[in-house]
*Asks:* 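Let me begin by handing over the structure; questions about it come next.
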Amino acid sequence: SPKGPTSDRLRVVVVDKPNRTQSQIYVGQLAPHWRDRHYLPLLIGTMAFGGTFTSRLMDEVRVKRGLSYGASARLGNGRGARGLVCSVMPSAHQTGETLDLVLRLYREWAEGGLRSDEIAFAKGYLQKSHAFTIQTADDRLALRTRLHVAGMPESYATDFPARVAAVTDKAVADAMGATLRPGGLVVTLVATAKQVLPQLAKIPALKKADIEVVPYDSF
């Protein structure tokens, strides 16, 4: 597993774009490599937290509060280590409220864990949805190619549902405990700085954060 930051000093990058009525927020950290033993349990945990329409993140951000049309958490995979990234897109004037909520939910997820029913639902979703990743010849070829490039066993393409079924609640909790770093997250916002900076200043979790503002056309 990658050794991410463990302090309570978050990093925030505001990509300043004038006249934005909406903010694009990405909150993330380094995640285990696809081959890492914690990867699959963490994938299940991430799916439970923010990978489906009924997940905890979507329920709190959209269903209960209507702060963003979508709210998701995704765990990347590939040849090298990827990221675990949550994304939400609130209106400009609700940016601070939304980010504050996402940071709180992330910490609660990392420190409080998941319920058994949340894990069971996520496992079932992953098992059933795998069929769509191998639906056509092109899909199967693309998956096997990615597995080969990443040094993964080809059997992963066919026995993925069985691998998911074999993951225990304890394995999910262990993977989350070993990898999640709520105090060392990186937050990136595409927004209008003069609108969102006063809102960020009111978020308790960002009191000690390093906040950087960069022009959108500087990349």
Side-chain angles (χ1 to χ4, degrees), residues 1-11 26-61 71-88 101-131 133 143 146-147 149-187 205:
S1 303
K3 295 181 179 179
T6 57
S7 70
D8 284 328
R9 196 171 186 86
L10 284 73
R11 181 187 175 205
Y26 301 93
V27 177
Q29 64 161 82
L30 284 175
H33 190 282
W34 206 355
R35 296 191 301 269
D36 192 289
R37 67 185 179 88
H38 287 311
Y39 179 86
L40 186 56
L42 185 61
L43 176 65
I44 294 169
T46 303
M47 184 63 63
F49 176 64
T52 72
F53 192 80
T54 59
S55 65
R56 186 183 299 187
L57 186 63
M58 177 70 87
D59 186 54
E60 293 290 338
V61 174
S72 66
R74 294 288 183 268
L75 183 62
N77 60 41
R79 185 172 183 176
R82 293 294 194 272
L84 193 172
V85 180
C86 303
S87 62
V88 289
L101 174 62
V102 171
L103 292 174
R104 176 173 64 80
L105 292 172
Y106 200 102
R107 183 170 290 278
E108 289 175 356
W109 174 44
E111 297 179 353
L114 294 163
R115 302 188 309 272
S116 291
D117 62 296
E118 291 178 301
I119 295 173
F121 183 86
K123 288 173 66 174
Y125 181 89
L126 284 168
Q127 289 173 276
K128 294 172 185 176
S129 62
H130 180 66
T133 68
L143 177 56
R146 292 183 63 243
L147 290 170
V149 170
M152 294 286 289
E154 286 194 10
S155 60
Y156 202 86
T158 54
D159 65 9
F160 178 77
R163 289 174 185 259
V164 171
V167 175
T168 63
D169 287 11
K170 183 179 183 303
V172 174
D174 288 347
M176 289 168 53
T179 60
L180 296 182
R181 299 289 180 262
L185 295 170
V186 176
V187 179

*Asks:* With rounding to the nearest 0.5 Å, note down the distance linking CD in Q29 to CG in L10.
*Replies:* 10.5 Å

*Asks:* Taking CZ in R11 as the centre, count heavy atoms belonging to other residues, nucleotides or ligands within less than 6.0 Å. Is the count above 12?
*Replies:* no

*Asks:* Between W109 and Y106, how do the two ring planes meet: parallel, tilted or perpendicular, split at 30° and 60°?
*Replies:* perpendicular

*Asks:* Can you see which heavy atom on A48 is nearest to which on E118, and at what distance?
*Replies:* CB-O, 3.6 Å

*Asks:* Does the side chain to side chain contact (heavy atoms under 4.5 Å, CB included) test come out yes or no for V187 and V102, once each step is laid out?
*Replies:* CA-CA 11 Å; V187 179; V102 171; over 6 Å; no

*Asks:* Is any side-chain heavy atom of S55 closer than 4.5 Å to a side-chain heavy atom of T52?
*Replies:* yes

*Asks:* Quick check for you: to the nearest 0.5 Å, what is the distance between D169 atom CG and I119 atom CD1?
*Replies:* 4.0 Å

*Asks:* When rounded to the nearest 0.5 angstrom, what is the spacing between CG in L40 and CG in L126?
*Replies:* 8.0 Å

*Asks:* Do R56 and L114 come within less than 4.5 Å of each other through their side chains, counting heavy atoms only?
*Replies:* yes

*Asks:* Output the distance between atom CG (L105) and atom SG (C86), rounded to the nearest 0.5 Å.
*Replies:* 9.0 Å

*Asks:* What are the two closest non-hydrogen atoms of P41 and A171, and how far apart are they?
*Replies:* CB-O, 3.4 Å

*Asks:* Would you indicate whether the side-chain heavy atoms of Y156 and L143 approach each other to under 4.5 Å?
*Replies:* no

*Asks:* Of all heavy-atom pairs between K123 and V164, which one has the smallest distance, and what is that distance?
*Replies:* CE-O, 3.1 Å

*Asks:* Minimum heavy-atom separation for D159 and R163, please, with both atom names.
*Replies:* OD1-NE, 2.7 Å

*Asks:* Quick one: are L43 and V167 in side-chain contact, heavy atoms under 4.5 Å?
*Replies:* no

*Asks:* Out of L84, L42, N77, which one pairs with P32 under the side chain to side chain contact (heavy atoms under 4.5 Å, CB included) rule?
*Replies:* L42

*Asks:* Ignoring hydrogens and geometry, is there a side-chain-to-backbone donor-acceptor pair from R35 to A150 under 3.5 Å?
*Replies:* yes

*Asks:* In Å, rounded to the nearest 0.5 Å, how long is the span from CZ of R79 to CZ of R146?
*Replies:* 13.5 Å

*Asks:* To the closest 0.5 Å, what do you measure between OG (S72) and CZ (F49)?
*Replies:* 10.5 Å

*Asks:* Where do M58 and F53 come nearest, in terms of heavy atoms and distance?
*Replies:* CG-O, 3.1 Å

*Asks:* Between the side chain of H130 and the main-chain N/O of A157, is any donor-acceptor distance below 3.5 Å?
*Replies:* yes

*Asks:* Identify the heavy atoms of V172 and G45 that sit nearest to each other, and give their distance.
*Replies:* CG1-CA, 4.0 Å

